[in-house]
Each structure stands twice: as C-alpha cells, then as structure tokens.
Asks: 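Next up is a structure, given as structure tokens.
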Amino acid sequence: MPRDQAAAFLRALAGANPAPETELLYRDPFTLLVAVVLSAQATDAAVNRCTPALFAAAPTPAAMAALGAEGIGPHIRRIGLWQGKARNVAALAQQLMEQHGGEVPRDRAALEALPGVGRKTANVVLNVAFGEATMAVDTHIFRLGNRTGLAPGKTPREVEDMLVRRCPPELLRDAHHWLILHGRYVCKARAPECWRCVAATQCNYRDKVPAPPR
DNA sequence: ATCCCGAGGG
DNA sequence: CCCTCTGGAT
C-alpha cells in the first residue's frame, strides 16, 4: 500500500463533497456536545428534529442543568434511548457546572469522564468545536477503513490513529465528516456503490462488488 | 427484519 | 469481546 494512499483518498473526498450536515450545525461546543450525545443509535434527522426546541429551552449548561432530566425528556421522546440520554445530558450539564466552570472542557479525559460521552463523541467535539487534530471513528469509518485497504484488519483505535497521522493537515478539520457521509451513502455496509465513488482509483475494494445497474 | 454518525457494563 | 439499551425509518 502506498504511503500516501490515505491522503489521496481524503483529497478525492474533499474535492467532491456536498455541504456538511449534522454536527456542523452545532459549532458551539455545548450544543454540539449534546447533539452528538443524543445521536447515539439514532438517525441525524431524528436528532435535528428535536434539538431546536431543546436548545431554545436550554442553550447553556446552566439552563440545561436547571431543566433536569424531567424537563429534557419530553423534548427527546421520539429518539431511541431517550430516557438514559435525558439523564445523561442533565448529569453532564451539572458536571460542567460543578467541575468545569460551566464550560465544555477542551480536554479528552475530561470529556470522556462526562456521562454519555465516549471516545467518538469526544473526538467530534475536539475536532469540530475546538479544531484539534482528532478523527471520530464511527461504524461507517471503521468499516471503510477495514474494507478499502486504508487500515485493513485494524481496530477502531488503529483506524483513528492512521487517519490522524496520514490526513493532510489542511483537511484534518472535518475530514471525518466526509468519511462518515461517504461510508453512509456510497461505501455502504451492504450494496456499496463503488461506481460512483470518487476515490475508487485509490481503493482495491471495487473489484469485489457488482457493476453498476443499467 | 435491520440499521441508525455509541456508550456503558459484564 | 459480548450484551443491552430503545424509537423510528426503511
């Protein structure tokens, strides 16, 4: 595998990508954090449906903590796992108040110590809200990395490290977002559509999938 | 039936 | 590594 395969792959995606969706709607650290917590095992459309009212009611950690799980619940009842998420978001807001001066910490360990926040969510916040050099590896990016030869047979953490190391600096910010969209709409788990993949020339997986329908 | 831009726990 | 949580869309 050529050393710059990942860079070529990412450049191809960057050159042919639509406007970013979900998390770029929330550049503010707190609303971004909450939105990403809510999106676990939920569609981005479902999350984007309920967040406007939620953030209108509680745009800050202080307001969210005051709202509490009982106040948050009704706003998010249409997305899966809402009960646990309501508790997590309330506790998370309270923890921001008590331990971080009402601010979202720009620190991985502190982020991952928040209820409902794992490595993937922390990476999204660090990248999108704070511009840190991180990559958020979700199921799509994990599959894509293992399938394409970018990081075959690697763990999610190894895929993440590879991407952070090989991604051109100017693409680091939000590159994970293009990868996610690519994994969702093109390099899909089933019936991937290699014939419309802009990075197919950098990928050896296309030989394994059917030709385009006619 | 299966998946969703996961996290927490055993 | 496995399992569970859990509503909605396809």
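Below, chain A is the first sequence line, B the second, and so on; all start at residue 1.
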Asks: Can A:E170 and A:R11 be counted as an ion pair, charged N to O under 4.0 angstrom?
Replies: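 Yes, this pair counts.
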Asks: Expressed in whole Å, how much space separates the P atoms belonging to C:dT6 and B:dG10?
Replies: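 About 16 Å, rounded to a whole number of Å.
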Asks: Looking for any heavy atom pair under 4.0 Å, which part of the strands does A:G84 touch: base, sugar-phosphate only, or nothing?
Replies: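 Contact class for A:G84: none.
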Asks: Looking for any heavy atom pair under 4.0 Å, which part of the strands does A:L114 touch: base, sugar-phosphate only, or nothing?
Replies: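 Counting heavy atoms under 4.0 Å across all strands, the contact made by A:L114 is with sugar-phosphate only.
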Asks: Quick one: is A:R78 getting a side-chain N or O under 4.0 Å of the C:dT6 phosphate, OP1 or OP2?
Replies: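 No.
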Asks: Give the rounded distance in Å between these two atoms: CG of A:D44 and C1' of C:dG8.
Replies: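 Atom CG in A:D44 sits about 13 Å away from atom C1' in C:dG8.
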Asks: Keeping the roles fixed (side chain from A:N48, backbone from A:D44), state whether a donor-acceptor pair exists under 3.5 Å.
Replies: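 Yes; judged by distance alone, with no hydrogens or angles, the pair exists.
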Asks: For C:dC3 and B:dC5, measure between their P atoms and round to the nearest Å.
Replies: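 C:dC3 and B:dC5 have their P atoms separated by 23 Å.
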Asks: Is it true that atom CD of A:E112 has more than 12 heavy atoms of other residues, nucleotides or ligands lying nearer than 6.0 Å?
Replies: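 Atom CD in A:E112 is crowded, with more than 12 foreign heavy atoms closer than 6.0 Å.
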Asks: Let's see if you can work this out: which of B:dT2, B:dC5, C:dT6 has an atom nearest to the side-chain heavy atoms of A:R190?
Replies: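 Looking only at side-chain atoms, A:R190 lies closest to B:dT2.
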Asks: Rounding to a whole Å, what distance do you find between A:W82:CH2 and C:dG7:P?
Replies: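 Distance, rounded to whole Å: 8 Å.
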Asks: Round to the nearest Å and state the distance from A:N88 atom CG to B:dG9 atom P.
Replies: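 To the nearest whole Å, that distance equals 9 Å.
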Asks: Taking atom C1' of C:dG7 as reference, at what distance in whole Å does atom CG of A:N48 sit?
Replies: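 So the two atoms are 16 Å apart, to the nearest Å.
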Asks: Compare side-chain N and O positions of A:Q83 against OP1 and OP2 of C:dT6 and report whether any pair is under 4.0 Å apart.
Replies: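 Answer is yes, contact under 4.0 Å.
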Asks: How close or far is atom C1' of B:dA7 from atom CZ of A:R87, stated in whole angstroms?
Replies: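 Result: 13 Å.
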Asks: Could you state the atom-to-atom distance from CG of A:L38 to P of B:dC4 in whole Å?
Replies: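 Atom CG in A:L38 sits about 19 Å away from atom P in B:dC4.
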Asks: Taking CZ in A:R108 as the centre, count heavy atoms belonging to other residues, nucleotides or ligands within less than 6.0 Å. Is the count above 12?
Replies: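 It does: A:R108 CZ has more than 12 such atoms within range.
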Asks: Between atom CZ in A:R184 and atom P in B:dC4, what is the gap in whole Å?
Replies: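 Result: 9 Å.
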Asks: Counting any heavy atom closer than 4.0 Å, what does A:L81 reach on the DNA or RNA strands: base, sugar-phosphate only, or nothing?
Replies: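 The residue A:L81 makes base contact.
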Asks: Pick the closest DNA chain B nucleotide for A:V117 and for A:A42 by heavy atoms, then say which residue is nearer the 5' end.
Replies: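 By nearest-heavy-atom nucleotide position, the 5'-most residue is A:A42.
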Asks: Side-chain N or O of A:T139 less than 4.0 angstrom from OP1 or OP2 on B:dC3?
Replies: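 No, no such contact exists.
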Asks: Which nucleotide sits closest to the side chain of A:T121: C:dG7, B:dC5, B:dG6?
Replies: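 Looking only at heavy atoms from C-beta outward on A:T121, the closest nucleotide is B:dG6.
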Asks: State plainly whether one hydrophobic cluster holds both A:V34 and A:W82, where clusters connect Ile, Leu, Val, Met, Phe, Trp and Tyr through side-chain heavy atoms under 4.5 angstrom apart.
Replies: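 Same hydrophobic cluster.
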Asks: Between B:dC5, C:dA9, C:dG7, which one does the side chain of A:I180 approach most closely?
Replies: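 My answer, after comparing the listed nucleotides, is B:dC5.
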Asks: To the nearest Å, give me how far apart CD1 (A:I79) and C1' (C:dG7) are.
Replies: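 Going from A:I79 (CD1) to C:dG7 (C1'), I get 9 Å.
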Asks: Quick one: do A:R119 and A:E160 make a salt bridge, cutoff under 4.0 Å?
Replies: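 So A:R119 pairs with A:E160 through a salt bridge.
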Asks: Write down the distance separating the C1' atoms in C:dC1 and B:dC4, rounded off to the nearest Å.
Replies: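 Comparing C1' positions in C:dC1 and B:dC4 gives a spacing of 22 Å.
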Asks: What nucleotide, of B:dC3, B:dC5, C:dA9, holds the atom closest to the side chain of A:D138?
Replies: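 The closest nucleotide is B:dC5.
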